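A short worksheet on the structure shown next.
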Amino acid sequence: MDRTFYVTTPIYYVNDVPHIGHAYTTIAADTLARYKRLCGYDCFFLTGTDEHGQKVEKAARETGQAPLELADRVVERFKGLWDALHITADDFIRTTEARHREAVTALYQRVWEKGDIYLGDYEDWYCTPCETFWTETQLAGGNTCPDCGRPTERLKEKSYFFRMSKYQDALVRYLEEHPDFIQPASRYNEILSFVKGGLRDLSISRTTFTWGIPVPNDPDHVIYVWFDALTNYITAAGFPGDEKRFQQYWPADCHIIGKDILRFHAVYWPTFLMSAGLPIPRKVFAHGWWTVEGQKMSKSLGNVVDPNQLVKEYGVDPVRYFLLREVPFGIDGDFSRSAMVHRINSDLANDLGNLFSRTLSMVVKYFDGVIPAPSNLQDVDRRLQEASEKVFPLLAQQMDELAFNKALISIWEMVSAANKYIDDTAPWTLAKAEKDRPRLGTVLYHTLESLRLIALLLAAFMPSTAEKMWSQLGIEEQLWEQNIKENGTWGGLEPGKKVVKPIPLFPRIEA
Ligand code: ME8
């Protein structure tokens, strides 16, 4: 294993409890990480929590806790949800950890030594909930925040500034030379024109609160929460102490984020790194936002969906499947229970679940569970084989583009092909005559082998379903030790081994 792949989620604020938006990003990153591992990469998958800043300080105060106490509690909620969703993060970073404080301080120091930080006066319109200063022209009507719509206030403070303006040309050049850096393409264009419109220096310290990492040599200031938060990606890669590890994993291959925080990742972050002389991540992918039953998800509306509840009701894999299948990654989507139930019943229970159980039942019934050997192939058999082999390179390309929904559609084309194959070959009829027994064996072998390949393709998306399929197919090798390239070719299933009586993969849900 020499090729590495480093994928991240945002680190989530601990002033809020996890909801389907957080689950979405993390499931997407987990699916990509699992897929890359199955392709033989040495994958490093990072998630974590963003624990400093005014928002967290305020939320803690309101509930009569110390900020760290609040963080300790909420972190458990995130970790618990990641377990429930079968997330395989290799590291969970908390910005209150010593390793992170060290990294932020070191990054700040480097930028300072470059001459890119100066002390100035900052005055502008400030949105406290978003912790963002806005210029007059950026404000929405009635001096409200253009992001969240809440009132802003005029605020002046001494602040350290990062000379972001100095990096405008370099960033434009970088973007033009790396048209794949920001995805989807529409977001790339948005950021490019924003940068061309002019970069202002960025205030990177605060004196109005204390919950943060102190500015080196001026402890009256704490480092701005976004400078602190973005640094997490290099902290976990070993910056500044572990040079070997840092060389190995940095730059990150993919930062997966929501569209709400693209500017921080695609403008601030690369300019900090340029100043510090560190490589820039290879890709930032901004996905869309979920509404719930047609409405914006909000605490005040009381419509925030708890993913734990969904897992309890529908099971973990159906939740993972729905979120990645329902909406193209990069586009906004709507979560509704009826859509979810529909997907489970039609795609999962009908198409895949039935295919699996009827195939295994026939093998148990006609061959005592022993996998029959194929012989005398016909065109219909070869077509099924070709259909399955075609999916692997297609999926590789779709996963490179983070086109999760297309990838699932491709897998389902294979599921349909296998269903059609059974209908066309009608094994239940072949079972009636002893002379057709070799043909019956060939047909069932072909269906079983496509199910093996489907399980391999599905593993990254629906890990426990794939594991169940794998073990019921009687395969002894570990699923997670498979290599999609090597084991994803036709004919891997061994005749003579035994399958087991099927246990339904997905119970149908009554609407
Ligand atoms: O922004 N639909 O943390 P955060 C889809 N700490 N995704 C959603 C969503 C929705 N309705 N709501 C939230 C922060 N998300 C910073 C990040 S990174 C260095 C610092 C997801 O807790 C989406 O991934 O507000 C979004 O980017 C993230 O949650 C914001 O999480």
Side-chain angles (χ1 to χ4, degrees), residues 7-30 32 46-57 59 70-71 74-75 77-78 81-82 87 92-96 100 103-104 107 127 129-132 147-148 187 211-212 223-237 252 254-270 272-273 281 284-299 301 303-307 322-324 326-336 402 404:
V7 56
T8 68
T9 72
I11 47 171
Y12 304 110
Y13 285 127
V14 290
N15 60 332
D16 201 1
V17 295
H19 55 64
I20 53 162
H22 306 125
Y24 183 48
T25 321
T26 312
I27 289 169
D30 182 65
L32 186 61
L46 175 71
T47 190
T49 41
D50 191 353
E51 305 189 3
H52 289 132
Q54 197 167 5
K55 269 200 233 194
V56 175
E57 192 184 72
L70 170 72
V74 177
V75 159
R77 300 277 298 263
F78 277 99
L81 178 61
W82 302 154
I87 300 300
F92 187 106
I93 187 163
R94 299 182 55 180
T95 54
T96 47
H100 182 66
V104 171
L107 184 69
C127 174
C130 296
E131 301 187 63
T132 309
D147 265 1
C148 74
R187 301 278 167 210
W211 181 235
I223 293 175
Y224 172 48
V225 69
W226 274 99
F227 189 95
D228 171 340
L230 288 160
T231 306
N232 91 85
Y233 302 129
I234 56 174
T235 308
C254 188
H255 290 320
I256 300 183
I257 57 168
K259 64 177 185 180
D260 53 319
I261 55 174
L262 178 59
R263 195 174 292 175
F264 301 102
H265 284 80
V267 180
Y268 295 10
W269 185 220
F272 297 163
L273 291 166
V284 175
F285 196 109
H287 65 63
W289 263 41
W290 288 92
T291 51
V292 171
E293 312 281 350
Q295 278 185 310
K296 198 176 160 172
M297 196 168 31
S298 85
K299 270 190 216 162
L301 285 174
N303 64 348
V304 178
V305 179
D306 174 7
F322 177 81
L323 291 176
L324 294 184
E326 189 68 5
V327 180
F329 205 57
I331 308 278
D332 292 341
D334 184 51
F335 175 87
S336 78
L402 276 72
F404 300 110

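In each ligand, atom 1 is the first atom listed, and ligand 1 is the first ligand listed. A quick note: this is a predicted structure, and the numbers were derived from the prediction, not measured.
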Shortest heavy-atom approach to atom 27 (O) of ligand 1 - which of A28, G53, G258, G21: G258

List the closest protein heavy-atom neighbour of [atom]: residue, atom name, distance to the nearest 0.1 Å.
atom	result
atom 1 (O) of ligand 1	I261 CG2, 3.5 Å
atom 30 (C) of ligand 1	D260 OD2, 3.8 Å
atom 22 (O) of ligand 1	Y13 N, 2.9 Å
atom 31 (O) of ligand 1	Y12 CD2, 3.6 Å
atom 10 (C) of ligand 1	W289 CD2, 3.5 Å

Where ligand 1 meets [X] - atom numbers and elements under 4.0 angstrom, heavy-atom basis:
X	value
H22	22 (O), 29 (O), 31 (O)
A229	19 (C)
W290	2 (N), 5 (C), 10 (C), 11 (N)
M297	11 (N)
G288	5 (C)
T25	21 (C), 23 (C), 24 (O)
H265	18 (S), 19 (C)
D50	6 (N), 16 (C), 20 (C)

Which label fits Y12 and W82: parallel for a plane angle under 30°, tilted from 30 to 60°, or perpendicular past 60°? tilted

Fit a plane to each ring of W269 and F272, take the angle between them on a 0 to 90° scale, and name the class: parallel (under 30°), tilted (30 to 60°) or perpendicular (over 60°). perpendicular

I need the contact type for Y233 against ligand 1. Using non-hydrogen atoms and a strict under-4.0 Å cut-off, is it side chain, backbone, both or neither? side chain

Between H19 and ligand 1, find which residue part has any heavy-atom pair under 4.0 Å and reply side chain, backbone, both or neither.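 It is the side chain that touches ligand 1; the backbone stays farther off.
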
Backbone N/O of [Y] and side chain of [X]: donor-acceptor pair under 3.5 Å:
X	Y	answer
N232	R94	no
H100	D228	yes
T95	E51	yes
E57	W211	yes
D332	W289	yes
D334	E293	yes

Which one of F329, F322, Y24 satisfies the ring-ring contact (aromatic ring centres under 6.0 Å, His included) criterion with F404?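 When ring-ring contact (aromatic ring centres under 6.0 Å, His included) is applied between F404 and each of F329, F322, Y24, only F329 qualifies.
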
Output yes when the distance from some N or O of ligand 1 to some N or O of I11 is under 3.5 Å, and no in every other case.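 It does: an N or O of I11 is found under 3.5 Å from an N or O of ligand 1.
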
Around atom CZ of R187, are there more than 12 heavy atoms of other residues, nucleotides or ligands at under 6.0 Å?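 Buried by this count: over 12 neighbours within 6.0 Å.
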
Summary of salt bridge (charged side-chain N to carboxylate O under 4.0 Å, His left out) pairs that have at least one residue in residues 9-23, sequence neighbours excluded: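 The answer is D16-K299.
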
Any W226 heavy atom less than 4.0 Å from ligand 1: yes

